[in-house]
Structure formats: C-alpha cells, structure tokens
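Let me begin by presenting the structure, written as structure tokens, before commenting on it.
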Amino acid sequence: MKNIESISVNPQLPLATRLKNVKAYGAPVLDVELLMNTNENPYQLPEKVIKDMLIELSSSLADMNRYPDRLQLELRDELANYVNQVTDNSITSNEVWAANGSNEILNQILVAFFDPGAKALGFVPSYSMHKILSEQNGYQFLEIPRNSDFSIDILNALEVIESENPRIIFITSPNNPTGNVMTLSDLDKILNVANDSVVIFDEAYGEFSREPSAVKLIGKYSNLFVTRTMSKAFAFAGARVGYAIAQPESLAALGLVRLPYHLSTQTQILAKVALRNYKLLQSQVQQIINDREFMQKELTELGLVSLASDANFFLLGRFKSKEKVFDALVKASILVRDVGIPEFLRVTVPSSEQTHLFVSRLETLLDNREIELV
Ligand SMILES: *Cc1c(COP(=O)(O)O)cnc(C)c1O
C-alpha cells in the first residue's frame, strides 16, 4: 500500500503556497523490539481498567446514532478533578477544555487567535509541532535559540517579546526534546510583559516533573493556556485526549473554532474511565523516573553523555555521527529519535526490563566500534 505521507501532492492542484515545500510530519515507523522514539508510557493498561472500559462502552453503543456531548460536561468534570488531585489546585470544569490530543488543542488556539501577519514564537530546540502547526495556520514562526544548556535566556526573551510582539508564545516544560524545565517564577516574568500575546505553556510531561504546574497561574493571567495530554504519563496515547486549562472567558475562544462534535462519544467514555483510574494507569510513573536515572547512570559509566531530564526521555550523546548510531541501533532492533541536535539522539525510557537490554546492546555496539563517541 502507498503511504500518504510519502507521495508528492499532484502539482496541478492549487495547493496552499505555504504548504508547497512542506513534508508530512511523523516519527519513522519501524517494526523493532525496543520502541523508544515517541515518549509513550511503555506499560499496557491494567486488566481492571480494561474491564471497566468495556462495561461503560457496551452500555453506550446503542446510542451511537446520536452525536456526542458537544460540551464534554462529564469529561471536563473528571479532568478538573484529576488536575486538582495531581497539581494541588482548585479549578472547576469551566476552566478545562478537551480535544483529540493536545495537538488539536494547540491547533484550536492557533486558529482562534490568528490574523494575517501574526507571529508565533518558540524557544528552540523544542517540540517541532509548535512550528509546523503555526506555519500551517499562516503564522510567521520566530525561533529564539536556547542557551547551550538548553535553558531560556529570560532577559533576552523579554526583549524579543517586547520588540516582536508575537501573537502566540510557546513554552514547553519539561521541554521536549531536551528534558529541562522552566520555573514558574520565570514564566511569571514572561507573562508580566507578554500582555498582548497568548502564552501556551505546554506541560505534556507535567506528571514526570518536579516543578509545580503552571495551572497555579491561570487565575492571574487571562492570556495563559496550560496544555496537557493523556498521551504520555497517562499511558493513553491511542485514545487521543489532550486538554487546555485557562480562564473560562479565554477557553471561550476555542468554542468558536472547534469542529462540531469534535470529541467522539467513545473517546469521552474511555477518557472518563481512565481518569477515574489515574492512580492505576500512572502507577509506573515513579518507576519510569527511577529507570531513567538507572539508564543515565549506566550510560555515563560507558562514557556517554546524558542530559538531566524531568521527563520520560533524555538526550544521549555525544556521537561522532548520530545518523550512524541511529542506523546501528535500528539494526539492534532499537528505535530512538533523531531530533536534529548535533551529536545527540533522544531516547525514551522503555519498560524496566528493556532498560537493561538497551544498555547492554549499546555496550556491545561501543565495544564493536559501531558507535563512536566524540
Ligand atoms: C507528545 C507531545 C504533545 C502532543 O501530544 P498529543 O498526543 O497530541 O496529546 C504535545 N506537546 C509536546 C511537547 C509533546 O511532546
């Protein structure tokens, strides 16, 4: 079968000019033993949760002739409840809004606040979809380079925000692909000057982080949208559920642009059951953090460099040729991610068992000089 992502668009079609040189985004899909390239939780759903889901789903199937609850009332209640439990805040369902993955949330925000000529700004390297979605929606995307340790130069950021006046500012914390966080006091400094911008604080990896959630600041700033997802720590990537937390009058902007009935009945049901069982579904989060620390220690002993991370992945280097290392790992049935950072590859923490496999296969490749370090 032909893959839609690898076919060129028929040049006779009047494709939007801004899409002329665009390539379809997506991590390479390969059939390997160690899937360490998309930052998923490596553990499958527990039997008990699956049973609950089947019961709730089956009692809803007869009503599939009806559109879903457009306002996601019960789901937003469960989301608010969950966020309050894990971030120690007291938001209500009016401050939450869900969509098919946080990517759809990001897209809704971009659509809602766009005008021709608008700029979006990000601190790179960061999550590549921020730029892709911004440009797809017609924004000019400004890339502010991070410091050499991948932190953000706050004073410079404040200057650039004042001079460029971007409509949208993206901040990812913990940052993907570098793993480091922005403190809430630095975010506060940015929000203080960014009065005319919408600030998207992307907390896709919030559950792994030691830093408190920016949800704390939504009462203070109407232009802050905290975005989160059930795709990572929640072990729920297949269901496609992400959400935004902001003031109700800010979320109202997303109500203007969401597609009618965008979140299916089954998605809402499955997400509600998952949220009620969040402790079970996230029972391995601490294990993943411990495994990350174990891997980083072992890999450092092998002479590799791994960067400090508050997420379920880390940057690993420093390789003479990250391309050769990527290929050697694929041959060893390991898929990691080339995120375009010289000398480094991004590695997702796999299951506990697989961390040992990863370390030992890497050691073999080093011994055989199939992996060469700088
Ligand atoms: C994975 C990821 C997302 C998107 O996840 P969804 O599956 O669309 O919810 C958003 N932001 C960052 C930084 C991510 O790494």
Side-chain angles (χ1 to χ4, degrees), residues 25-27 29 35-42 72 75 79 82-83 96-111 120-134 136 141 143 146 150 152 168-182 187 199-209 211 213-214 225-245 254 258-259 262-264 267-268 270-271 274-275 278 281-282 285 288 292 309-315 336-341 346-349:
Y25 170 87
V29 181
L35 273 175
M36 299 169 56
N37 68 333
T38 54
N39 297 345
E40 295 150 320
N41 183 322
Q72 336 156 337
L75 173 59
L79 280 168
Y82 165 70
V83 168
V96 199
W97 174 251
N100 295 282
S102 58
N103 271 301
E104 187 177 35
I105 294 281
L106 298 176
N107 202 57
Q108 288 181 350
I109 299 172
L110 287 164
V111 173
L121 180 157
F123 301 93
V124 295
S126 191
Y127 184 48
S128 46
M129 283 309 293
H130 293 159
K131 179 179 188 195
I132 293 168
L133 290 172
S134 297
Q136 270 178 23
F141 193 81
E143 299 188 306
R146 288 171 176 259
F150 299 119
I152 292 173
I168 305 278
I169 299 169
F170 287 99
I171 302 166
T172 314
S173 181
N175 187 43
N176 177 9
T178 59
N180 58 320
V181 295
M182 173 184 267
L187 172 60
V199 176
I200 299 178
F201 199 73
D202 187 332
E203 287 187 351
Y205 303 93
E207 286 92 346
F208 295 104
S209 177
E211 195 62 23
S213 167
F225 286 74
V226 180
T227 63
R228 297 172 63 101
T229 179
M230 292 178 71
S231 297
K232 308 288 164 55
F234 233 112
F236 213 52
R240 308 300 300 127
V241 184
Y243 52 102
I245 299 151
L254 310 191
R258 56 107 188 90
L259 297 176
H262 65 286
L263 204 55
S264 83
T267 304
Q268 295 190 40
L270 295 175
L275 287 157
Y278 83 89
L281 285 169
Q282 294 186 27
V285 165
I288 292 169
R292 182 193 70 216
S309 168
D310 258 66
N312 62 335
F313 57 81
F314 56 91
L315 286 178
V336 297
R337 191 73 165 266
D338 182 349
V339 288
I341 298 177
R346 192 193 69 192
V347 174
T348 305
V349 178

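The first residue of the sequence shown is numbered 1, and numbering continues consecutively from there. Every number for a ligand or one of its atoms is a count from 1 in the order of the listing.
- Annotation: the span from E211 atom CD to L187 atom CG amounts to 10.0 Å, rounded to 0.5 Å.
- Panel note: side chain T348, backbone N39; a donor-acceptor pair is recorded below 3.5 Å.
- Put simply, the side chain of R258 never gets that close to the backbone of Q108: no donor and acceptor are under 3.5 Å apart.
- Each of L315, V124, N175 was checked for a side chain to side chain contact (heavy atoms under 4.5 Å, CB included) with F150, and the lone residue meeting it is L315.
- Protein neighbours of ligand 1 below 4.0 Å, counting non-hydrogen atoms: G101, S102, N103, Y127, T172, N176, D202, A204, Y205, T229, S231, K232, R240.
- Summarising the geometry, atom CZ belonging to F236 is positioned 8.0 Å from atom CG belonging to L275; distances are rounded to the nearest 0.5 Å.
- In summary, E207 and R228 engage in a salt bridge, as defined by a charged side-chain N under 4.0 Å from a carboxylate O.
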